[in-house]
Amino acid sequence: MDSKQDPQILQGLGVSPGVAIGRAVCLSIHHLEVYRIPIPAADVDAEVARLRDATQQTRIELEATRKRAHEQLGDGLAGIFEAQSMLLEDASFVNRVEERIRTEQVNAEWAVHKVSEEFLDRFDNLESEHLRERGDDLRDVTRHLLRVLQGIAHHELSELGSDVIIVAHDLTPSEAVRLGRQRVVAFAIETGGPTSHTSIIARDLNIPLVTGLDGVADLVTDDDPAIVDGTDGIVILHPLKGQLAEYAGRRKRQGEQEQRLLETGSLPCVSRDGVAIQLMANIDLPEELDDASRFGAAGLGLYRSEFLYIERAPELPTEDDHVSTYRRFLDSMSPHPVLIRTFDLGGRKLAREVMATDEENPVLGLRGIRLTLARPHIFKTQLRGLFRAGVGRNLWIMLPMVSARDEILAFRAFAAEVMAELDREGIEFSRDFKLGIMIEVPAAAMIADVLAQEVDFFSIGTNDLIQYSLAVDRNNEHVSYLYRPLHPAILRMIRFVLDCARDSDVEVSMCGEMAGDQRYTALLLGMGLRRLSVSPRSIPEIKNQIRGLEVSGLAEATERCLTMGSAAEVERCLDSYLARQEPLT
Ligand code: PEP
Ligand code: MG
């Protein structure tokens, strides 16, 4: 694979560890590559006919999607596809494209691309927000039409070869899921922070990911040989033979290290001085269940159920899909608990598809429990599935993005209606589950004493808690240096939540990525946390860390850390304590 070109080393953020060697496939360019190809006068009619066929085909596809969306999600979402279809009916758009093909004698793709640009310019300059929003529809429909013209099926990824390194400007969590299941060995993208959902998915799938690679999508050409080092955040384009050999060696050593850690799977999760810690798994994709069992997870501390939807979008999972998925999890983890979080849709996760509106600031918008309470037809199906799946099983239901007590009360009232309906239908279901909430909004953390009166358990979601408390977008690589789990504000909030949980006898765990980072294990145990939920692949490392710690001395050291005024001081304080610990022999 040694390349004729000089090697080029790019430094980004390593957000999913591991080394991969392969060849680049540029995602964004594949999707929208449009060339200007002159057409002989004799072929112009055929080119116009090709455009008409593609337009018709796009309409048929949009109509099918609209129908499905209407049946499953109601009018709101269906409206998007209807609006897109209408743009294709609009004679001013289609006629203008045909005119360009004829007058300029160019290919249909180029004409569509140029006319769309013309229209978008007009939309972007409009005063009316409503009309400006039509710009998004035009962008989507143009992409769709271009894909049809280019003969690339919608989301068709199956032609990928082996050892593929996906290079893109951006990658959504659902794209990461779909690509990760193909023969993709690494991702190299421009945007995203360590706790973005795309990064979490890459770690779930054990695929190295480097983000923050400014301009990488323009720099790389398809089939360029490359190395991705997701541990150190490095991408090497056109590597030399020596570099290839060095990284192949690293990859081998990492595999061996993983193997050694795996052997701890069956060891008890107990600290050096005998304190038992419950180490559970976070699951996003059903295939992670095997890893959770293999690595000895004592239950699931978070199932992000929205991924059930993300995988099927725009179709919603049926009630039976919910029942069978949840039962599978509950049965395979029995007798341990399984915490199923109700849909945390909205924010960046499929806001547009489910809500049919664009939000100015979706992360502060209709997301999580706010969205599900506002869309009872979607929520009811999920709750019926949960209540049915819970019969005779250790089910814990968890609500995301709770910011006020009223949301818990509203949930209870709605759940009672759903149960009454199941009762009337004579369907067997469980009332015997635990109800809990994510503590991931600062307001919830600050009233943890009040919320503790309403629920059986808390799970601290540091990914959002840090984002909202420190005003640092978790998806934004430019501010990721400010995303500091050890910030004193975060530690004080965690401490307060733990105190409130203890005082009210409420169970508490942590499922944010902070729990899966071994640098923080000592501090979390020192603060009194005894239940952690981490991605399955992090279990061996965290268990190993726990087995090496003396928990008895940690409380005092943690107290000192909590008096520090900055994340850097906390880190120094913690490091100096741990350096004085006797090493494990
Ligand atoms: C969190 O916010 O910490 C969390 C676990 O939820 P998510 O990452 O899905 O937002
Ligand atoms: Mg969250």
Side-chain angles (χ1 to χ4, degrees), residues 13-18 173 176 187 192-212 230-231 233 277 279-285 288 291-292 295 297 300-304 306-307 339 341 344 347-349 363 398 400-401 438-442 445 458-470 472-477 479-487 490-491 493-494 497 508-525 527 529 531-543 545-546 567 570-571:
L13 292 172
V15 296
S16 178
F187 297 120
T195 62
S196 75
H197 286 96
T198 299
S199 304
I200 292 173
I201 286 294
R203 289 195 291 271
D204 289 344
L205 294 169
N206 200 21
I207 296 180
L209 164 61
V210 178
T211 67
T231 309
I277 306 297
L279 195 50
M280 299 185 285
N282 289 351
I283 294 249
D284 303 318
L285 309 170
E288 289 179 89
D291 276 349
F295 299 145
L300 300 185
L302 166 66
Y303 170 53
R304 290 184 171 92
E306 58 274 14
F307 276 91
L339 279 68
R341 185 173 76 181
D344 183 14
R348 294 247 168 81
K349 292 182 244 178
V363 173
M398 177 155 75
M401 286 295 293
M438 295 280 297
I439 300 283
E440 54 184 342
V441 176
F458 288 155
S459 181
I460 304 175
T462 49
N463 305 341
D464 279 313
L465 188 62
I466 296 170
Q467 151 163 276
Y468 293 126
S469 306
L470 304 184
V472 175
D473 180 351
R474 60 193 270 197
N475 293 297
N476 184 337
E477 65 286 1
V479 289
S480 63
Y481 70 99
L482 291 170
Y483 193 95
R484 306 290 297 264
L486 295 183
H487 191 297
I490 303 300
L491 299 185
M493 267 189 261
I494 294 173
V497 172
V508 62
S509 56
M510 175 179 285
C511 63
E513 295 295 295
M514 185 178 185
D517 189 329
Q518 55 159 344
R519 290 172 299 172
Y520 311 131
T521 313
L523 193 72
L524 296 176
L525 301 192
M527 286 206 268
L529 203 56
R531 222 184 227 151
L532 303 173
S533 188
V534 307
S535 92
R537 305 201 70 87
S538 306
I539 290 177
E541 194 176 66
I542 298 294
K543 188 188 279 189
Q545 183 74 1
I546 291 169
V570 173
E571 200 173 326

Determine whether Leu482 and Leu470 satisfy the following criterion, side chain to side chain contact (heavy atoms under 4.5 Å, CB included), listing intermediate values before the conclusion.
CA-CA 8 Å; Leu482 291 170; Leu470 304 184; over 6 Å; no
Hey, mind stepping through Leu491 and Leu523 against side chain to side chain contact (heavy atoms under 4.5 Å, CB included) and telling me if it holds?
CA-CA 9 Å; Leu491 299 185; Leu523 193 72; 3.7 Å; yes
With side chain to side chain contact (heavy atoms under 4.5 Å, CB included) as the test, would you mind laying out the steps for Val441 and Asp464 before giving the verdict?
CA-CA 7 Å; Val441 176; Asp464 279 313; over 6 Å; no
Go through Leu302 and Leu339 one step at a time and tell me if the side chain to side chain contact (heavy atoms under 4.5 Å, CB included) criterion holds.
CA-CA 5 Å; Leu302 166 66; Leu339 279 68; 5.7 Å; no
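When atom types are taken as modelled, the side chain of Arg474 and the backbone of Gln467 share no donor-acceptor pair closer than 3.5 angstrom. Asn463 contributes a side-chain N or O that, together with a main-chain N or O of Glu513, makes up a donor-acceptor pair within less than 3.5 Å. Here the side chain of Thr211 pairs no donor or acceptor atom with the backbone of Gly193 at under 3.5 angstrom. The main-chain N or O of Asn476 is never found under 3.5 Å from a side-chain atom of Tyr483 such that the two would form a donor-acceptor pair. Between the side chain of Glu477 and the backbone N or O of Gly192, at least one donor-acceptor pair lies under 3.5 Å. Looking at Ser469, its side chain never comes within 3.5 Å of a backbone N or O of Pro442 through a donor-acceptor pair. Remark: side-chain polar atoms of Thr231 are paired, donor with acceptor, to backbone N or O of Gly18 under 3.5 angstrom. A donor-acceptor pair is defined here as one N or O able to donate and one able to accept, closer than 3.5 Å; such a pair exists between the side chain of Tyr468 and the backbone of Val363.
Taking all atoms of both residues into account, the shortest heavy-atom contact from Ala292 to Ile283 is CB-CD1, 4.2 Å. For the residue pair Met280 and Ser509, the shortest heavy atom distance occurs at CE-CB, 4.1 Å. Closest non-hydrogen pair, Pro400 versus Met438, comes out as CA-CG, 3.8 Å. Closest approach of Ser533 to Ala515, counting heavy atoms only: O-CB, 3.9 Å. Gly301 approaches Cys511 most closely through the heavy-atom pair O-CB, 4.1 Å. Nearest heavy-atom pair, Pro536 versus Phe295, reported as atom, atom and distance to 0.1 Å: O-CD1, 2.8 Å.
Annotation: side chain of Phe307 is in contact with side chain of Ile201 (closest heavy-atom distance under 4.5 Å). Contact annotation: the side chain of Val472 never approaches that of Ile466 to less than 4.5 Å [non-hydrogen atoms, C-beta and beyond]. Using a 4.5 Å cut-off on side-chain heavy atoms (C-beta onward), Arg203 and Pro17 make contact. Using a 4.5 Å cut-off on side-chain heavy atoms (C-beta onward), Pro485 and Ile490 make no contact.
Asn206 contributes atom CG, which lies 3.5 Å from atom CZ of Arg537 (distance to the nearest 0.5 angstrom). The structure places CE of Met514 at 9.5 Å from CG of Leu529, a figure rounded to the nearest 0.5 Å. From Ser538, atom OG reaches atom CG of Leu532 across 11.0 Å, with rounding to the nearest 0.5 Å. The CD1 atom of Ile460 lies 5.5 Å from the CD1 atom of Ile494; values are rounded to the nearest 0.5 Å. Annotation: the span from Ile200 atom CD1 to Leu209 atom CG amounts to 11.5 Å, rounded to 0.5 Å. For the atom pair CD1 (Ile539) and CG (Asp291), the distance works out to 8.5 Å, reported to the nearest 0.5 Å.
Applying the salt bridge (charged side-chain N to carboxylate O under 4.0 Å, His left out) rule to Glu288 yields no partners; only residues at least two apart in sequence or on another chain are considered. Residues that satisfy the side chain to side chain donor-acceptor pair (under 3.5 Å) test with Asp284, not counting sequence neighbours, are Arg304.
A donor and an acceptor atom, one from each side chain of Ser535 and Asp204, are nowhere located under 3.5 Å apart.
One finds no salt bridge joining Arg519 and Glu571 here, because no Lys/Arg side-chain nitrogen approaches an Asp/Glu carboxylate oxygen to under 4.0 Å.
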